[in-house]
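This report refers to the structure that appears directly beneath it.
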Amino acid sequence: MVAVGLWGAVLGSPAIWVLPVAFPLVMAFGGVLGIAAVAIPHVEVGIAVSAIMLGLMVALAVRAPLAVAITVVSAFAIFHGHAHGAELPRGADAIAFSAGFVVATGLLHVCGIGLGLTTRWSAGRLAVRLAGAGIAGAGAIFLRAALSA
Amino acid sequence: MVLPAGIVAGLAHPVTTPAHVIALMGLGLVAGRNVLPAGAAIIAAFALGLAAGLGAIAWGVGETPASDVLLAGATLCGLIGALQVKVPLPLAAPLALVSGIALGLDSPPESILLREAVAMLIGTALGGAAALAMIAFAACVIARWRHGIVLRVAGSWIAAIAILVLALRWTL
């Protein structure tokens, strides 16, 4: 989620706000699939790959076209939404769960955008790229765990 | 002057019921995007619908799927906000009317005392209309800032929450 905000900031306007608008909507669609128990294969692998890919996009400051960025982010949003929807505890309050899920995701995007806005300074650019590398590294660890599970 | 407890409870009802808050915020985004005459007409349509819905409750209408209709309306309003579409009044007013009716039908008074129940219904009507007017005013102000990005993000959050709540209600 932080990587989505970071990448949006790296890409600049309009991606900086289009990605955080698109992500929750597509994630909700993925959440519906998870709640309805529609199986998506290798969800955990998809989440780990999304962290690696998005981290690399930030680390390498890839300036993809907006349509490509939306497609990549939306594809990963489905995995994230599905995982949360499928793991919903029985008896959970519908509104509290949904609002918490969406708002927490949005706030992580805001954190990423806030960090990403430091790219106007050279030290900020370096920090953002390092953060992207860190996210990609964490994703690689998750991927290894997901594949060995 | 001290307001009767029923009125106070009714005033607070639309802003303390999460599904109603989501619906009011979604409709507020739509109303706030319109210039004043159209925005005021949307609020008036909502108030009219709300009065009709509360009137139906007073008339003894039983359980309805009003809450789901309200969330479906919130989904639509959220999507409209996220896409930054300016909805013409002939489409926005019926949406506001239906949302008002649904909110009214989903607000049965929590009292069996007739006097207090009527006071709660009146309070709900006033509270719902006032809350929508305030949200629409806030949205109108925020819309001028940074090309309305905050409203687009808020719209996407509202739509996503409403979609998930509907999915949870229908499947669990």
Side-chain angles (χ1 to χ4, degrees), chain A residues 1 4-5 8-9 12-38 70 73-74 77-78 80-82 84-110 112-113 117, chain B residues 13-26 29 33 65-68 70-85 103 106 139 142-172:
Chain A
M1 311 294 175
V4 171
S13 185
I16 194 168
W17 55 265
V18 168
L19 297 186
V21 167
F23 194 95
L25 291 173
V26 183
M27 187 184 69
F29 175 67
V32 171
L33 294 179
I35 291 164
V38 175
I70 292 173
V73 165
S74 296
I78 289 179
H80 286 264
H82 187 279
H84 286 288
E87 290 166 7
L88 170 70
R90 292 281 155 189
D93 178 75
I95 290 197
F97 169 79
S98 305
F101 175 20
V102 172
V103 172
T105 299
L107 291 178
L108 287 171
H109 291 161
V110 172
I113 291 170
L117 290 177
Chain B
H13 186 270
V15 291
T16 52
T17 309
H20 295 188
V21 173
I22 292 167
L24 286 169
M25 289 179 73
L29 293 187
R33 283 251 181 237
S67 186
D68 289 351
L70 199 58
L71 286 166
T75 303
L76 193 56
C77 289
L79 289 173
I80 289 167
L83 297 172
Q84 209 168 21
V85 178
L103 198 145
D106 197 40
I142 295 169
R144 295 172 199 157
W145 185 68
R146 294 247 174 193
H147 312 291
I149 291 169
V150 173
L151 295 188
R152 296 189 75 157
V153 172
S156 89
W157 289 16
I158 289 164
I161 291 169
I163 289 167
L164 286 168
V165 174
L166 283 172
L168 285 166
R169 283 188 179 175
W170 289 344
T171 53
L172 291 183

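Below, all heavy atoms of this structure are taken into account, side chains as well, without hydrogens, waters or symmetry copies. Each chain gets a letter, A, B and so on, in the order its sequence line appears, and its residues count up from 1.
- Contact between B:L168 and A:S98 at its shortest, heavy atoms only, is CD1-OG, 3.5 Å.
- For a residue to count as touching a neighbouring chain, one of its non-hydrogen atoms must lie under 4.5 Å from one of that chain's; by this rule A:V26 does not touch chain B.
- With chain B as partner, the option from A:G106, A:P20, A:G31 having the largest number of non-hydrogen pairs under 4.5 angstrom is A:G106.
- Note: B:I163 CD1 to A:I35 CD1 = 10.5 Å, rounded to the nearest 0.5 Å.
- Proximity to chain A (any heavy atom under 4.5 Å) is restricted, for B:L79, to the side chain, taken from C-beta onward.
- Closest non-hydrogen pair, A:I95 versus B:R169, comes out as CD1-NH2, 4.3 Å.
- Of all non-hydrogen atoms in B:L164 and A:A28, the two that sit nearest each other are CD2-O, 3.8 Å.
- When all heavy atoms of A:A36 and B:T171 are compared, the closest pair comes out as CA-CG2, 4.3 Å.
- Heavy atoms from other residues, nucleotides or ligands lying under 6.0 Å from CZ of A:F97 number more than 12.
- In B:M25, the CE atom is not crowded: 12 or fewer heavy atoms of neighbouring residues, nucleotides or ligands sit closer than 6.0 Å.
- Of the two parts of B:L71, neither the backbone nor the side chain holds a non-hydrogen atom closer than 4.5 Å to a non-hydrogen atom of chain A.
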